[in-house]
A.B. asks: 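Attaching a single structure in structure tokens format; questions to follow.
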Amino acid sequence: MEDVIYNNLNYPIITWTVFLPVLGAIIVLLLRSATAIRWTSLIVTGLTFIISLPLLTGFDKTTHKMQFVEWHQWIPSWGINYFVGIDGISILFILLTTLLSILSVLVSWKAIANKAKEFHISILIMEAGMLGVFVSLDFFLFYIFWEAMLIPMFLLIGVWGGENRVYAAVKFFLYTLIGSVLMLVGIVVLYFTGGETLNILALSSEQYSLNLQFWLFLAFFAAFAVKVPMFPFHTWLPDAHTEAPTAGSVILAGVLLKMGAYGFLRFSMPMFPDATMMFLKPIMILSVIAIIYGALVCLAQKDLKRLIAYSSVSHMGFVTLGIFALNTQGVEGGILQMLNHGIITGALFLMIGIIYERTHTRKIADYGGFAGLVPWYAGFFIVLTFASIGLPGMNGFIGEFLIIFGAFRAKMVYGVLAATGIILGAGYMLWLYQRVFFEKADTERWATGDHKVWDLDMREIITLVPLIILIFWVGFYPEVFLSYMHTSVAHLLENINQTNYAGGDHLLTRLITGIF
Amino acid sequence: MVPLNWYIILSAIMFSIGVVGFLARRNLIIMFISIELMLNSVNISLVAYSHYLQSLRGQILVFFIITVAAAEAAIGLAIIIAFYKNNPTIKVDEINLLKG
Amino acid sequence: MDVTFSLGLQDISAIMPELAMISVGLLLLMLDLVVKRKEIIAIIGVAGALVALYGTVSVYGMSESQTVFADMFLLDKYSCFFKIIFYLNVIFTICISFKYMAIEKAAFGEYYALLLFATAGMMIMASAADLMILYLGLELMALSTYILAGLLRKQARSNEAAVKYFFLGAFSSAFLLYGIALTYGMTGTTNITDIATSLFTLGIHDSPVMYLGVIFMIVAFGFKVALVPFHMWAPDVYEGAPTSITAFMSVGPKAAGFAVLGRVLFEAFGSMQPQWSAVLVPLAILTMVVGSVIALAQSNIKRMLAYSSIAHAGYMLLGIIAGTPEGLTSTINYLMIYTFMNIGAFTIVIMLRREGFQGENIEDYMGLAKSHPMASALMLIFMFSLTGIPPTAGFIGKFYVFMEAINAGYTYLAIIAALFSVVSAFFYLRIVVYMYMKEPQNEIVLTTSGPAGIVLAITCLAVLIIGIFPSILLSLANFSILG
Amino acid sequence: MSTAQFFFGYFAVMLTGLSVLVVTRKDPIHSVLWMLVLFVHIAGLYLFLNAEFLAAVQIIVYAGAILVLFLFVIMLLNLRNEERVKKFQTQWPLGAGAGALLAIFLCLIVGKVIVLAPLGRYSEDAVNGDGNLMAIGKILYTEYLFPFEVASLVLLVAIIGAVVLAKRRLE
Amino acid sequence: MIYTLIPLLPLLAFIINILFGRDYIRDKAHLIAVPAVAGSFLLSLVAFAGVLKGEVINVNVYSWIVSGDFNVSIGFLIDQLTAIMLMVVTSISTLIFIYSIGYMHGDKGYYRFFAYLSLFVFSMLILVMANNFLLLYFGWEAVGLCSYFLIGYWYEKKSAANAGKKAFIVNRFGDFGFGLGVILIFLTFGSLDYMTVFSGADSVLGQTINLFGYEVDTITLICLLLFCGAVGKSAQMPLHVWLPDAMEGPTPVSALIHAATMVTAGVFMVARSNPLFSLSATAMNTVAVVGGVTAIFAATIALVQKDIKRVIAYSTVSQLGYMFLALGVGAYSAGIFHLYTHAYFKALLFLGSGSVIHALHHAKHDDEQNMEKMGGLKKYMPVTYWVFIIATLSITGIPGLAGFFSKDEILWRAYLGGDLGKFLWFLGVAAAVLTAFYSWRLIYLTFHGSYRGDPEQEHHIHESPKVITVPLIILAVGAVAAGWVGIPPVILEHADRIGEFLAPVLGHPHGHGTHLEEWLVIAVSVAVAVIGWLVAMFMYIKKTDLPEKIASLFKPIYNLLFNKYWIDELYDKIFVQPVLKASDRIVLAFFDAKIIEGVVNGIPALIGGFSKKLRNVQTGFLSNYGLAMAIGALCIIGVFIFMR
């Protein structure tokens, strides 16, 4: 393992980052008072964030090698190790995760009244799981984190969710599980063809036959496409997002959806470059469909949260499009857009959660005129709206522009079609904004009783401000973030472009002949 | 001299008759008897093999089978009695409290 | 005409654990007459099992396997591994029976004695070096469990369970015997090692007669481990039998069945591996499919777990189908894991039973998390483990069998298994959904007891620890096969 | 046709016929009685195969003990009303078909079975020296000591079981 | 660099106002905004002076987006073109800010209004100061954003909210093309920097690109895509629909954004990209034709509108058409010249109408902008009346006023532009007649005759306060004098100062005609202006019943014009409704809910149903179980032994 940079800090930083939340969960398990539980969770997530900061400062941007690597034997009989590290692709997700976790604790401060202990344990375990996914360099470890996340998420949706929560939770779980188990089979096949190891770096440097690549790519695709989610595997998402409690939606949108795309970048593309080339066209087409389709569905939505959920489908379509454009701008744009989507949509869900706490309705038709009722809220929302639309100066623009640029460069028609998503995006978001915030408010309804609506309080503003700052930071100076990716992305593309795939394969024929 | 396979075919046929009895009858006790029939058919073939192989192992096994059959009979009949006390029937097609 | 065998010390010492089991069983029968507090009997039973456990563990590290009693009894690591499963099974079962049998008003000495005898039968099966002894061990186990299943003779469903179990069990033994007879006829022996040699020297591993023998044995063992279509007793018996016995049966006889399946197929019929693998493939598929699918429609948790255990048998079979030592390792590894998670789940099930309340319906779990967060959390862990979600042990078990199946070229089997484990997730999740996501219908009181608590603690810890550090178990299983 | 073959023919026909009778009688008592006749024939067949000990056991244990137990139970249950109804289940054609198919399969497979394995040391002459009983007795308590003990355990369990199931008072 | 402050000052004002306006600053918001924009104006003056001296500034502040070979900076270019634009933007903004103090006085969103205006000025300044296409795009979108905020300023009115949304979305259609154009520029030139792109323009001449199977000239494609953006932002056909609706915003907004500055961004951008456009005749012709057609098309609509602001709005569209006409025939400086003069008189018109509306704001709902309910305001608001007259004289091209010089330049250049040019010239002249007519119609309806509104309201009508009238007067001076920097050589030698000034950036127009022709063109345009005036006077002063008659005589045409050619309705029918319906009924209700969800929920339902069926196999009958075992065994034997 000379191809990595071992952690040279005097403490295992990644391990601490990943497992501190677990420790926190254990502490929470022993606590009784809800207040103590909340504070502990806040402190733990905060600490985790602080601990993860040295990753940023100590990161060597000049190399694509894995950094802060820790390596220990774990299951020697299977040749499986505890092997973690980060590179330019994963580093930002870690920070995003640690940040969003704090916010999800904060936003649940009042919203979660029953089973607070279980809730916070779930959040903390969830955080550990998500971090684990991004740092794992061993497939087995990766898979454990990948699936372990399902449990807390399942509970988050199912226990603290909305009316239809059980359906949503089960759907989420089974959908994701189907993809994952197919990936598991793929992993095992890879294990035997790659020389009985699950070391991701070692597996990436192997060459696989075209046929094998084809099938493995499909297996991995099943897991990642569901997670992204790509059209047409997206229907779990609106349900899950809509029914999940605010913190759950934030985490789902903010981090969970990123894992699919991350999987493509980390596994599918470097390991199966030929198959990547083979699947390029269908995936790009699906991405474009997702962009437009998601936007169209948004236009028809009557539920606030569902609309944002479907907008994720559209945005994640951009991400996959960018990634599979296979050029620097596309990939970097894709990664950046993942962060952006995490920030924007995360924040949007926070906002919706905040207003839902007051109004107890998600029907768009119930709203109207809120700009006058809750001006600060409206102000924050408009920023997010325009960030989501991709207005220059905000983060959404940078990502979308780079993606469209990359797609355009790869194949013009995809770029053009993707750009139509921007028009539609403006359409549904502004229409939403109008329906919720403009026109006359039903002031009487929102003045008293259960439905009393008040503007953002300090806690909520504190929750939102970091995200708003990030929106503009990325919008005006994305280089801070992009610079982490440059070398890693360049290395990735270099790897993929070494493919000697000649083309001319018919996917369907291969699929059918393979099965029979 | 009787060829070995005659015995074995006889045993096979008896075994099958036992199977038919087990599958076709509705009286628990007769079903049990059918099982005994099956065991006996196996015994015949074992003894035949034992004879032709000039090995006593088969006979010993038959001995144990008979022992176990005795034990099974004791328990099986006890179970039937216990059952009958609660549900006054031993017609097998009337026993389906547990299903699905 | 010489006597070739005389009893020696090494023979006795080799069967010490079995002896301990049996003698404690006999002791319990006698104590039952004088001791009024049945808990004491139970504790002595546990102690007996622990002694046996000690005996087994102390010889576990032996370098070579030992055949005693004129090649009848084999003491090797493979059997020791299984014996540990049996001990755990019987100890756990006794522990969770304390309160339960009192509620069922059936706490008497014979119950515990029979548990021990049944376990002894399993141990003999695992150690059998001869088909004859295998048969006897199997019958010892089977007869004991028939009785245990019908123990609650005031309950119609317990009676019915016993009737069904007994009749079908006897029917399947007939097939086993026919298979043994054919094997004996062709090879002239019933000794497992000798069969292998005979097959080799006579070159009859392709003969239809031998194949028929193997098939009949697979039918009989398949009955014990509940492979489809020989599984049909399982749901009815699991539902009808006392819950503690259901727990006992769902692990013990299944493990014993796999022990002999592995032993016979790998050692005696190793040269026929392609043939028996081919037979097992459709059985495995059917088992996984039928087990997972029918479980979906169940509303009784015992019945649901019965179907779940059927499905698990299908997964375990993958390792055997692989036909390699590693494959067998993966199966026994799975069995050990299954022991922990299944007994754990049954412990929670049994805790819901109280005076005047069956607590077997899935609806009874509604809102359990509200009143009993700890029990629910444990049940959650067991359910996810049974589903095979990391970081629980269930995942390790599945991963290993998938791995070996794929390694042996049965990728499609692994895919089917994986997909149907998704189906199975649905019904395990339903329990979780009921516990966590529904409001309680009526007050739930759990029948807790110290021993049951200990069982829960051990099983839960085991599930998690094996899930996170599987090496411990893996090396043990590996060691037990290679030896 | 040799004498042996003639006798075998007799036994074969009788055993088959008796088997059919056993499984087809309406009254279980009749079945049991036909079974008794069957057992006697089996014992006869054993004699043909030089298994005197087993022939004796067959008569004593099977006919003398097990069948009697059956009779006891049948009478105990007093199944008068049971006899009037139909004796076969609705699935009997399937069961019969399965049995027939099984018979065909088994006969096809084992029909040509011959002795392949090397012969053991208990040839007819060798056994006849001390007698079958002696030979069996010797090995039963030496080579087969362990199964013998296990068998005793099985019987013990049977006793306990019978007591528990039929007798034991449940508090 | 000190000039960075030009955009930053308004930005600062925006930030302060938006964060603290609601709670602390409230009705003192102008104290922050006005100095900021005035500061920008002063700095612009300095910059302008610098440019006059020949200091062209091109500086990169920092690298904005870097990804692989893609590298774009935040950077500013201040050259002659930018300097002019800076002057226009900041000067008019300053005046309008001051005007707004009076106009918006007492509005509950006062602080918000100034915040948005400041943000707008910032965006516009970024737009004109950018030194690369992406930053231009930034400003481009940002002004769109401000436009959204300001049009929808009175968000409680549904029409306002709709209009804001419409403006943004329609603009997005244009930006769609613009954005792709930007990308294509980078892919062609490897840079987005103006200097690099323009200097490399010649080298890619003749290069083609494969577009859906057709080989298309790259430069042409780029230009057309960029022009898409311009069409959207400058409200040209067919994306003009948003501008009239934008009148929902407060009047100063209409003046600033929808007359003087933002809508001219398209003109600016095309002028800025003139090295590219000049290389593609196709693109140029497209620009010219779109401009010419829009000019006359919008003018026809303006003829019959009743809403005072709408008339001016269509007039704006029409005038923008003139500018594009100029650009299209290669007279870039003429286009910019008209942009510059137009800014003054159009701002004046809008602010004047604002003054009218302000005076009438006690009128009944919706009547305050309806010219049919006005009349005779001359006596109440003389200042407003006279500035209106000046603006109208200017826009109709009465010699000596600003509009005359710029419009004349355009028509002259069009006239020189070959056959197509002649045709466009004809369109321009025709539009000029209409312009004269509707402009004077507006004046007569509003200020002459007698008051037709609610008589009770009449005594409320009053002249606007000083804070409103002073900016009007200043603008009126501009509307008169702004054109004097561009007197054509035929009238006064060496007086086309603006053309000369812009020449380094925009070059000299081609084509030469005789003096006679030029005088003729001038004469024609003056004549048509006068004709239009006279017709209007005849119809609205002399024979006031005539308009009614004509309207009823040509009912279909009148309706067509009055309903703006039903273009809004058409778009609604063929774009908006189908998309909404399709997304609701086909995509969501059918495809998503039925097909995909059908499969997703169908498979579990299928398995569940199968499960319910399959469990019946477990009959509970012992013998069935035995049979299953036997049959299972038989099958295995049959398959594996007999079918081997």
Side-chain angles (χ1 to χ4, degrees), chain D residues 15-16 19-32 34-35 38 66 69-70 73-74 76-79 81-117 158 161-162 165-166, chain E residues 212-213 577-644:
Chain D
L15 284 174
T16 316
S19 300
V20 173
L21 283 176
V22 165
V23 300
T24 53
R25 291 309 84 201
K26 181 181 262 183
D27 191 336
I29 294 184
H30 295 175
S31 275
V32 172
W34 286 118
M35 192 76 174
L38 183 86
I66 300 179
L69 195 57
F70 270 95
V73 171
I74 292 167
L76 182 73
L77 297 184
N78 191 15
L79 297 168
N81 55 343
E82 296 272 315
E83 289 158 22
R84 282 187 221 108
V85 290
K86 60 182 172 99
K87 56 186 175 182
F88 292 113
Q89 309 191 40
T90 37
Q91 70 160 15
W92 78 263
L94 280 174
L101 196 61
L102 184 67
I104 295 167
F105 278 0
L106 293 184
C107 291
L108 283 175
I109 295 167
V110 299
K112 294 206 181 77
V113 70
I114 46 163
V115 178
L116 288 172
L165 283 174
Chain E
F212 310 117
Q577 290 309 325
V579 168
L580 287 182
K581 285 221 175 76
S583 54
D584 189 20
R585 300 204 189 135
I586 299 176
V587 179
L588 179 65
F590 177 68
F591 200 79
D592 209 57
K594 290 265 158 56
I595 296 191
I596 298 183
E597 283 286 76
V599 172
V600 169
N601 290 329
I603 291 173
L606 208 70
I607 297 177
F610 184 51
S611 169
K612 291 211 172 63
K613 287 261 166 4
L614 200 61
R615 74 180 293 194
N616 293 336
V617 171
Q618 192 84 16
T619 53
F621 294 115
L622 177 50
S623 304
N624 294 153
Y625 298 179
L627 188 65
M629 286 175 70
I631 291 177
L634 283 171
C635 288
I636 295 174
I637 296 170
V639 170
F640 289 99
I641 297 185
F642 290 106
M643 291 170 61
R644 221 158 20 136

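Reminder, nothing fancy here: chain letters follow the sequence lines and each chain counts from 1.
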A.B. asks: Taking side chain as C-beta onward, heavy atoms only, is D/Phe105 less than 4.5 Å from E/Ile641?
C.D. replies: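 Counting from C-beta outward, D/Phe105 and E/Ile641 never come under 4.5 Å.
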A.B. asks: Does E/Phe590 CZ have over 12 foreign heavy atoms under 6.0 Å away?
C.D. replies: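 No, not enclosed.
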A.B. asks: Mind checking which of residues 598-606 of chain E sit less than 4.5 Å from chain D, heavy atom to heavy atom?
C.D. replies: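 Not one residue of residues 598-606 of chain E has a heavy atom under 4.5 Å from chain D.
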A.B. asks: To the nearest 0.5 Å, what is the distance between CG (D/Leu101) and CD1 (E/Ile631)?
C.D. replies: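 Rounded to the nearest 0.5 Å, the CG-CD1 separation comes out at 9.5 Å.
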A.B. asks: Give me the atom names and distance for the closest heavy-atom approach of E/Leu634 to D/Ala98.
C.D. replies: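 What the structure gives for the nearest pair is CD1-O, 3.5 Å.
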A.B. asks: Which residues in residues 616-624 of chain E have any heavy atom closer than 4.5 Å to a heavy atom of chain D?
C.D. replies: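 If one takes a 4.5 Å heavy-atom cut-off, the residues of residues 616-624 of chain E near chain D are E/Ser623, E/Asn624.
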